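Just so you know, these numbers come straight off a predicted model, no measurement behind them. Values below: every heavy atom of this structure, side chains too, minus hydrogens, waters and symmetry copies. We name chains A, B, ... by the order of the sequence lines, and we start the count at 1 in each one.
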Protein chains: 2
Amino acid sequence: MTAAPSATRRERTRAATIDEIKATALDLMRGAGTVDVRFTDIARVMGVTPPALYRYFADRDELLTALITDAYDDLARHVAASGAAAPDDLGARWEAAAQAYREWAHREPERFALILGLPVPGYVAPEEGPTSEAASRALSQLSSLFVEALHADTLGAPYLREVDPTVEVCAHGKSEDLEVTLPAESFQAMLHAWAALHGFTSLEAYGHLDWMEPAARDALFGSQVTLIARVAGLPEPLRA
Amino acid sequence: MTAAPSATRRERTRAATIDEIKATALDLMRGAGTVDVRFTDIARVMGVTPPALYRYFADRDELLTALITDAYDDLARHVAASGAAAPDDLGARWEAAAQAYREWAHREPERFALILGLPVPGYVAPEEGPTSEAASRALSQLSSLFVEALHADTLGAPYLREVDPTVEVCAHGKSEDLEVTLPAESFQAMLHAWAALHGFTSLEAYGHLDWMEPAARDALFGSQVTLIARVAGLPEPLRA
DNA sequence: TCGTGTTTGTTAAGCAGCGTAACCGATCTG
DNA sequence: CAGATCGGTTACGCTGCTTAACAAACACGA
């Protein structure tokens, strides 16, 4: 989580305690199915008294902020790692990234809610940019797929070609961040893709698809991912 | 909200008080941007003491349950009412329903989170069916569009024709509820449509698209709704 | 009209969680 | 080994949830 291979013994044990606090908080969240955590409970589980925790976090909001930051990192890392198996197959990488996003959210709905649900009041993003951090990180993963496809000349035209001027402007604005210019229609398709992926993921993570058999959910997700890729102009995965 | 044009004076004032409590709770939620509400705050705003509220709700969970139930009803009504302007134009009704879903969520993100976010621990659905209530209501709106299109013979084939057997089974199971049999590929497309719509809606409602201009968000939503309709085989809106 | 029971509010009080203050031993450092 | 710092403790105050005991307002039949 935080672990830096740091210098002194004190710093190491301190970092370990911080990690333990965060891990305990996550366990309790998972157990209760909420984003609420009681300092008292964390302390009890850890076998210390509640005020001891204030040596590590100024208040509950600060702990929450740390958990949110960690969750951002973890999800981003998870998605980024998903494509390692087939670095040259962009279609397969899209499928893997989508699956990773979905799988992470399904495994950790509370953390997913923490970063992509209704914002929690106490949290203030470190170093505010114009873009919300969640959006920025999620998009950077996705957009790199599109940009690579563009460079490899395998990015097809999306199914929907019309782009409203306001979206076009927005695409150019974003392009400056990425230092590349994606065609506006592909930029739009990328956002459509993200929204569709996020929708399935949210519904499943929060249990709103529990009326389906797990196998059917898997199949439905697979078909949706394929559909998204096709209408977005992403290359098909190379099949054996 | 609850208002039945009921009998005695006592019952009427009681119902009014209950409505006032719920309305005050919602105001506070909107003000704080959370799903948390303090009984104390509600009481203060209403000019009574906190224990007075216990004459109307056994505890905070019961109030929350009432708010959730109301939110279900309100969203369903909102979406259902959206198509009144053009009852015979299924394409237009799809657009209107999608817009209504989106608009409601954007206007009331807290209530949206209440019913379609991470489930709140205290809430127990009244009369449990196999289907989660949120899913069921959302789908019944959507599926009626598909069923009507089928009957009107304007339901085209969806873009993606392959359907996994498990999803097919699931489609037939659901069909029994609806008393109609939608082609499995259309059933699958309907779920894709819902997921995509829900994804955009969630992202926007929770502020993850705030980096776009409102006009660009509107345009992006419009294009996504069009795209969804096309790939799902829904009829195009009749243009003047 | 009066008296009685019900409704709806009040104050008082208990309990739990957050966060602060004061204190104390263990550990690092010169 | 002496002083500072770190990491824990207990004691305490504040706030919010909830129950209990009580009081006023109201509805309604005798």
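- Side chains of B:Thr34 and A:Leu118 form no contact here, defined as non-hydrogen atoms less than 4.5 Å apart.
- Between A:Gln224 and A:Ile228 there is a side-chain heavy-atom pair separated by less than 4.5 Å.
- We find the CZ-CG distance between B:Arg60 and B:Asp36 to be 6.5 Å, quoted to the nearest 0.5 Å.
- Checked against C:dG19, D:dA21, D:dT9, the side chain of A:Arg60 finds its nearest nucleotide in C:dG19.
- The interatomic distance linking A:Ile21 (CD1) with C:dC18 (P) rounds to 13 Å, in whole Å.
- For A:His198 and A:Ser202, the side-chain atoms include at least one donor-acceptor pair closer than 3.5 Å.
- Among the atoms of the strands shown, base atoms are found under 4.0 Å from some heavy atom of B:Tyr54.
- Here the side chain of B:Pro51 is nearest to one of D:dT18, D:dC17, C:dC18, namely D:dT18.
- Counting any heavy atom pair closer than 4.0 Å across all strands shown, A:Phe57 reaches no nucleic acid atom.
- Residue B:Arg38 contributes atom CZ, which lies 16 Å from atom C1' of C:dA16 at whole-angstrom precision.
- With rounding to whole Å, A:Leu53 atom CG is found 9 Å from C:dC18 atom P.
- Within the model, atoms CD of A:Gln188 and NE2 of A:His192 stand 4.0 Å from one another, a figure rounded to the nearest 0.5 Å.
- Comparing A:Ala58 and A:Asp41, the nucleotide of DNA chain C nearest to each residue sits closer to the 5' end for A:Asp41.
- As a whole-Å value, the separation of B:Glu20 CD from C:dG9 C1' is 14 Å.
- Between the CG atom of A:Leu63 and the P atom of C:dC18 there is a distance of 11 Å, given to the nearest Å.
- Summarising the geometry, the separation between CD on A:Glu11 and P on D:dT5 is reported as 15 Å, rounded to the nearest angstrom.
- Note: A:Phe146 and A:Phe187 fail the aromatic proximity criterion, with ring centroids not under 6.0 Å apart.
- Across the interface with DNA chain D, nearest-nucleotide mapping of A:Arg14 and B:Phe39 shows A:Arg14 to be the residue nearer the 5′ end.
- Of the listed nucleotides (D:dT19, C:dT11, C:dC18), C:dC18 has the atom at the smallest distance from the side chain of A:Thr40.
- Among D:dA21, C:dG17, D:dT9, the nucleotide with an atom closest to any side-chain atom of A:Val48 is D:dT9.
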Start with the C-alpha gap between B:Glu103 and B:Arg107, add the side-chain angles, then the distance that decides, and say whether salt bridge (Lys or Arg N to Asp or Glu O under 4.0 Å) holds. CA-CA 6 Å; B:Glu103 190 267 341; B:Arg107 187 163 32 94; 2.9 Å; yes

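- One interatomic measurement links the two molecules: CD of B:Glu62 to P of D:dC17, which rounds to 15 Å at whole-angstrom precision.
- If you measure from atom OH of A:Tyr56 to atom C1' of D:dC6, you get 8 Å, rounded to the nearest angstrom.
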Which pairs, protein N/O on one side and nucleotides 26-30 of chain D N/O on the other, fall under 3.5 Å?
from, atom 1, to, atom 2, distance (Å)
D:dC26, O2, B:Arg10, NH2, 3.1
D:dA27, OP1, B:Arg9, NE, 3.3

